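For reference, the structure is listed below as structure tokens.
Owing to the predicted nature of the structure, the values given are computational and were not obtained by experimental measurement. Letters go in sequence order (proteins before strands), and every chain restarts at 1.
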2 protein chains.
Amino acid sequence: MAADTRDRIVFSAMTLFATKGFASTSIADILAAANVNSGSLYHFFPGKQDVLVAVLEAYRDGIHPQLLDPAWKGVRDPIERVFALLRHYRRHLRTTECTYGCPIGSIALELHEPDPAVRQLLSANFKGWIDAIEQCLLDAGDRLPADLDRRALATLALSTMEGGVMLSRTDRTLTGFDDAVRMFRDYVSRLEESVTPPRRARRARVARA
Amino acid sequence: MAADTRDRIVFSAMTLFATKGFASTSIADILAAANVNSGSLYHFFPGKQDVLVAVLEAYRDGIHPQLLDPAWKGVRDPIERVFALLRHYRRHLRTTECTYGCPIGSIALELHEPDPAVRQLLSANFKGWIDAIEQCLLDAGDRLPADLDRRALATLALSTMEGGVMLSRTDRTLTGFDDAVRMFRDYVSRLEESVTPPRRARRARVARA
DNA sequence: CTGCGAGTTGATTGAACATTCAACTCACTG
DNA sequence: CAGTGAGTTGAATGTTCAATCAACTCGCAG
């Protein structure tokens, strides 16, 4: 029962924080969702903040099984994996009517003076994401220019996603997300083409009006 | 005194919401900052939410005098204006130790179930930003490919900024923002070069490792 | 079978907070 | 100068919420 209770708390908090945000989620909400009494929660966690820490640790440690493996199912091409991941977020937006986007991003902007532990974990989560995409871009080898800063490109991928999610959640339309991703894809295509001189078009051009 | 009091409330709330977020700013905070009593605030605003509405209206109506005019001071070139605006946000990050980024973005991600008036105003604020950048890109005329979707590129500019701000605020470092913007700039350079066949390099290349 | 303690229960506490309100000020009008 | 009402005052109200705590359960070690 012990580990089970703790897990239920973390899982419920994960869902609630993603849905309602951290501040707007009350301990009572978590208790109800996890079917737990307040004393049990405070047996495992000194306070609400520490629940958040556990949630962020779970995201950080679960990036492969929870995020990347599903997003990359059946996709082997390293560059396609970048866009498969973006498609994964698009699916989330679509199935939640543009309500639920990136839980880490929401929390990152919601907390204005986060305590160090929380900030570091947010940082670690972003780092994990960027690391994974950077690895894809490194795996793409000479399909991309040799002198390309692949970590910076991975950072732009994250920005594209987070910015697109922000826009789409606000407009309740996918167009903001789609526009941003389409242009990012055009950029990557151009990078690819710049290394393979354009014999014919290597891939259907996507980003034009 | 009447309009003055209202303005002081809106101005104080604007600062506080940007600094501490909406939920974490109490009415008492606003009252203290504006030097006003609660009754006065509730004389002008039915509730806290309506203060937020007034703040978002102020941002929307102030985009030119408050944001674009300062950012574009001395910059006439339409494409350079895009990057001048991004530099403006960078300056904000730098002067606040990567604490204060884009107030609209913070609020947009903080509120998970915003009431319609608030959501529409957030949308209008993003739209104003994208409109302004789209106009720059239209003003760039044939320096960019004729078939380029300039609104989509403006959307990517916004995403780059918002995503970069999110990263930099989290890491308390400018590198995330800088990396994202540097790659975006490389993309725009390549778009320019694709229309002017590369006689020599038109502008010093920037984005390589 | 005893005793320990990890885990659980849920009522209680106290603080923070948005909002209300009745009384007050005072510039302006008729 | 009496009357009106927009604007102001700040104490009071009621609610929400994180956190506490003393009492309880129960598996297990000795």
Round to the nearest Å and state the distance from [X] atom [atom1] to [N] atom [atom2].
{"X": "B/R6", "N": "D/dT8", "atom1": "CZ", "atom2": "C1'", "value": "17 Å"}
{"X": "A/H43", "N": "D/dA22", "atom1": "NE2", "atom2": "C1'", "value": "16 Å"}
{"X": "A/F45", "N": "C/dG7", "atom1": "CZ", "atom2": "P", "value": "12 Å"}
{"X": "B/D4", "N": "D/dA6", "atom1": "CG", "atom2": "P", "value": "19 Å"}
{"X": "B/K48", "N": "C/dA18", "atom1": "NZ", "atom2": "P", "value": "5 Å"}
{"X": "B/Y42", "N": "D/dG7", "atom1": "OH", "atom2": "C1'", "value": "17 Å"}
{"X": "B/I27", "N": "D/dT16", "atom1": "CD1", "atom2": "P", "value": "17 Å"}
{"X": "A/F44", "N": "D/dA18", "atom1": "CZ", "atom2": "C1'", "value": "19 Å"}

- Message: Other residues, nucleotides and ligands only: do more than 12 of their heavy atoms fall within 6.0 Å of NZ on A/K127?
- Response: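 Result for NZ/A/K127: open.
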
- Query: Which part of the nucleic acid does A/S26 contact within heavy-atom distance under 4.0 Å: base, sugar-phosphate only, or nothing?
  - Reply: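 Counting heavy atoms under 4.0 Å across all strands, the contact made by A/S26 is with sugar-phosphate only.
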
- Quick one: label B/S24 by what it contacts on the DNA or RNA (base, sugar-phosphate, nothing), any heavy atom closer than 4.0 Å.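 No contact.
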
- Sub-4.0 Å heavy-atom contacts from residues 16-23 of chain B onto DNA chain C, ordered by number: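 The answer is none.
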
- Message: Under 4.0 Å, heavy atom to any atom of DNA chain C: which of residues 28-39 of chain A qualify?
- Response: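 Listed by number, they are A/N37, A/S38, A/G39.
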
- Item | Any residue of residues 108-117 of chain B with a heavy atom less than 4.0 Å from an atom of DNA chain D |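 The stretch gives none, as no residue of it lies under 4.0 Å from the strand.
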
- Task: With side-chain hydrogen bond (donor to acceptor under 3.5 Å, both in side chains) as the test, would you mind laying out the steps for A/Q135 and A/D139 before giving the verdict?
- Result: CA-CA 6 Å; A/Q135 191 54 56; A/D139 291 344; 3.0 Å; yes

Working to the nearest 0.5 Å, report the span between [atom1] of [X] and [atom2] of [Y].
{"X": "B/T155", "Y": "B/W129", "atom1": "OG1", "atom2": "CH2", "result": "9.5 Å"}
{"X": "A/M166", "Y": "B/E162", "atom1": "CE", "atom2": "CD", "result": "4.0 Å"}
{"X": "B/L137", "Y": "B/I130", "atom1": "CG", "atom2": "CD1", "result": "11.0 Å"}

- Query: Given A/S26 and A/D29, is the side-chain hydrogen bond (donor to acceptor under 3.5 Å, both in side chains) satisfied, shown in steps?
  - Reply: CA-CA 5 Å; A/S26 69; A/D29 290 335; 3.3 Å; yes

- Item | Test: A/R143 and A/E192 ion pair at under 4.0 Å |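 Salt bridge flag = yes for A/E192 with A/R143.
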
- Query: Charged N to carboxylate O below 4.0 Å: is that the case for A/R190 and A/D186?
  - Reply: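 Between A/D186 and A/R190 there is a salt bridge, with a charged N closer than 4.0 Å to a carboxylate O.
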
- Item | Atom of A/V75, atom of A/A84 and distance for their closest heavy-atom approach |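 Heavy-atom minimum between the residues: CG2-CB, 4.1 Å.
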
- Mind listing the closest non-hydrogen atom pair of A/R81 and A/C136 along with its distance?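 So the two residues come closest at CB-SG, 3.9 Å.
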
- Query: Does the ring center of A/F184 lie less than 6.0 Å from the ring center of A/F83?
  - Reply: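 Yes, ring centres under 6.0 Å apart.
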
